[in-house]
There are 2 protein chains.
Amino acid sequence: MGETHEKSEPRGRLSTTDWEQAALHVLAEGGVSAVAVESLARTLGVTKGSFYWHFPTREALLKAAIDRWEQRDEDEVISRVERIADPHERLRELFHRVSREVQSHLVYAALLQASDHPLVQPVIERISRRRLALLTQAYGEAGFDARAAAHRARLAYTAYSGFLQLNQSHGMPRMDQEEYEAYVDHVIATLIPA
Amino acid sequence: MGETHEKSEPRGRLSTTDWEQAALHVLAEGGVSAVAVESLARTLGVTKGSFYWHFPTREALLKAAIDRWEQRDEDEVISRVERIADPHERLRELFHRVSREVQSHLVYAALLQASDHPLVQPVIERISRRRLALLTQAYGEAGFDARAAAHRARLAYTAYSGFLQLNQSHGMPRMDQEEYEAYVDHVIATLIPA
DNA sequence: GGCCCTCCATACTTGCGCGTATGGTTATGC
DNA sequence: GCATAACCATACGCGCAAGTATGGAGGGCC
């Protein structure tokens, strides 16, 4: 009768990692408030009795999931981009990366939405500083003086996070792939000097 | 002993307008979730018994407050800017307006944070469309072809909303007035053709 | 094959904020 | 100056999601 469709194969026992990944999944879809223990337990095919064995509290899960995400972001984006020598190329790579790796950006968008949450706020702050620093550095090496580099970096970063925000509102007309590519090209042409 | 400091002079009776303005105030400060009836009642020096005489529900207050804000925005921003003939001048005015009228933008930032709320979502959608249309129109008149105008408008708008977002996180180093002016100048120079 | 440790289910408690019920107080028409 | 309506206080009910208590099922170790 009331069979709720669990998606993640209720294969036997669970580990803390399973919970963290499931949390990241619903976080990307429904935001921080969607990370609820009973709801999560249902999608994993268990009850919250299981949850409170692996984690002491909901906040603990949230923190663990976010930490995991932040770590992946650090490893697979920042460090990879940083070792590109040519600043122009580095900036282009940065802009193009937004097109791919959708999941990661969805999580970031969800965190932005909840930046007032005491657990999320420091994360957002760290990420923002890191990305702003990365952009500022690149613009500096590209020939901008310190002040202009900081400004341009801020402009690029806010355009990025504002873009995520705009695409959150599901009422907005979703861009198709072609339109999206054209937009990214426009942004690159506008924000990166020839 | 437990005197809570009410700010808005508990002058006798209240009207629905008083509640709406108080709601807008806390909305700008603490977001949608801060618009709570008991909390609001305290700051107004009354109890919620008063509230539920003026409004049938919390949602009703939220809607009334947001409607009021949207109306003011329509009157004091959109209509005023629209009648500026020169598109370049119109865009500059638009960018500069963000510096002033802080309250209005704080409310908008708060609404952006809660764009998943069923009551807020349509508002955000309307405002976004309206402002994007305004920008697209201006860029079109400034000599951009349709596609480029749409892209540049989107870039400008997302930079705007991302800026609000960034300044929300109180952990971020707040810019002082001088730095802020310089940034706006940089944005104008970058996003508005000479 | 008895024991324990891991993992999970069931049933309960708790805190918080919305909403309701009802009665009291201040203004206003006549 | 008194009745009626506007405005507000107090006390309660209720739903929801987090957290707790406790016991049960299943696999590994000797």
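A, B, ... follow the sequence lines: proteins, then strands. Residue 1 opens every chain. Owing to the predicted nature of the structure, the values given are computational and were not obtained by experimental measurement.
- Close placement of the A/Tyr183 and A/Phe163 rings is indicated, their centers lying within 6.0 Å of each other.
- Rounding to whole angstrom units, CG of residue A/Leu62 and C1' of D/dG19 are separated by 16 Å.
- At whole-Å resolution of the value, CH2 in B/Trp53 and P in D/dA6 are 6 Å apart.
- Judged by distance alone, the side chains of A/Gln71 and A/Asp67 never bring a donor and an acceptor atom under 3.5 Å apart.
- Taking the nucleotide of DNA chain C with the nearest heavy atom to each of B/Val37 and A/Val46, the more 5' of the two is matched to A/Val46.
- Taking atom OH on A/Tyr52 and atom P on D/dG23, their separation rounds to 21 Å, with Å as the unit.
- A salt bridge links B/Glu93 with B/Arg97: at least one charged nitrogen is closer than 4.0 Å to a carboxylate oxygen.
- Rounded to whole Å, atom P of D/dC8 lies 8 Å from atom CH2 of B/Trp19.
- Contact between the side-chain N/O atoms of A/Arg13 and the OP1/OP2 oxygens of C/dC7 is not found at any separation under 4.0 Å.
- The side chain of A/His54 places no N or O atom within less than 4.0 Å of a non-bridging phosphate oxygen (OP1 or OP2) of C/dT6.
- In this model, the phosphate group of C/dG19 is approached by a side-chain N or O of B/Thr57 to a distance below 4.0 Å at OP1 or OP2.
- Within the structure, every pair that satisfies the salt bridge (Lys or Arg N to Asp or Glu O under 4.0 Å) test and touches residues 130-145 of chain B, not counting sequence neighbours, is listed here: B/Glu70-B/Arg130, B/Asp73-B/Arg131, B/Glu74-B/Arg130, B/Arg90-B/Glu141.
- When the C1' atom of C/dG17 is taken as reference, atom CZ of B/Phe55 falls 18 Å away, rounded to whole Å.
- Both A/Phe51 and A/Lys48 lie close to DNA chain C; mapped to their nearest nucleotides by heavy-atom distance, the more 5′-ward contact belongs to A/Phe51.
- Here the P atom of nucleotide D/dA18 and the NE2 atom of A/His117 are 11 Å apart, to the nearest Å.
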